Amino acid sequence: MSGSNVWSRSREKIRLFPELFAQCAGEAAAYGKCVAATTTGKQELKKDLCVKEFEALKTCFTNAAKKRTK
């Protein structure tokens with residue numbers, strides 16, 4: 001496997017991120033609000049507190065990426 005090929009694929013994914021993020025703005029905002037709400041004060045974020053919002057964001061990113069590659 002060529003090292004430059006790996007970097008090319010990584011750069012392409014990073015280049016697409018803003019476009020994918022824009023398509024999932026609602027899900028990203030919901031996840032961000034959940035994280036902010038559960039970490040008020042000095043409380044630490046604990047695993048699975050925002051799992052529903054995270055899964056929605058992850059699904060949105062996956063679907064947006066699939067649409068992009070078609």
Side-chain angles (χ1 to χ4, degrees):
M1 175 188 277
S2 170
S4 64
N5 192 22
V6 171
W7 287 112
S8 295
R9 286 193 314 257
S10 296
R11 276 192 297 261
E12 180 61 25
K13 288 179 183 179
I14 290 170
R15 242 183 256 124
L16 290 175
F17 185 78
E19 182 182 327
L20 299 178
F21 188 77
Q23 293 179 36
C24 300
E27 291 83 351
Y31 179 65
K33 286 178 186 176
C34 180
V35 169
T38 58
T39 58
T40 54
K42 294 188 178 191
Q43 184 179 356
E44 291 183 26
L45 182 63
K46 298 212 184 333
K47 184 178 178 183
D48 295 335
L49 286 178
C50 299
V51 71
K52 181 178 78 169
E53 292 83 355
F54 177 78
E55 287 300 326
L57 180 58
K58 180 178 163 186
T59 299
C60 183
F61 273 131
T62 302
N63 291 337
K66 285 180 184 176
K67 288 179 193 174
R68 176 76 176 142
T69 59
K70 287 185 179 181

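This is a predicted model, so every value here is computed, not measured. Scope of the values below: all heavy atoms of this structure, side chains included, with no hydrogens, waters or symmetry mates.
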Name each donor-acceptor pair under 3.5 Å that joins a side chain in residues 29-39 to protein atoms two or more places apart or in another chain, with its distance.
residue	atom	partner	partner atom	Å
T38	OG1	C34	O	3.0
T38	OG1	V35	O	3.1
T39	OG1	V35	O	2.7

*Mind checking the CG-NZ spacing from L20 to K66? Nearest 0.5 Å is all I need.*
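With rounding to 0.5 Å, CG (L20) is 13.0 Å from NZ (K66).
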*When rounded to the nearest 0.5 angstrom, what is the spacing between CG in L16 and CD in Q23?*
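Interatomic distance, L16 CG to Q23 CD, rounded to 0.5 Å: 10.0 Å.
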*Qualifying residues under side-chain contact (heavy atoms from CB on, under 4.5 Å), relative to A56, sequence neighbours excluded*: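 Partners of A56 under the side-chain contact (heavy atoms from CB on, under 4.5 Å) test: E27.
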*Return yes when atom CZ of F21 has more than 12 non-hydrogen atoms of other residues, nucleotides or ligands closer than 6.0 Å, and no otherwise.*
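Atom CZ in F21 is not crowded, with 12 or fewer foreign heavy atoms closer than 6.0 Å.
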*Taking only residues two or more places apart in sequence or in another chain, which ones pass salt bridge (Lys or Arg N to Asp or Glu O under 4.0 Å) with E55?*
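For E55, no residue satisfies salt bridge (Lys or Arg N to Asp or Glu O under 4.0 Å) once neighbours in sequence are set aside.
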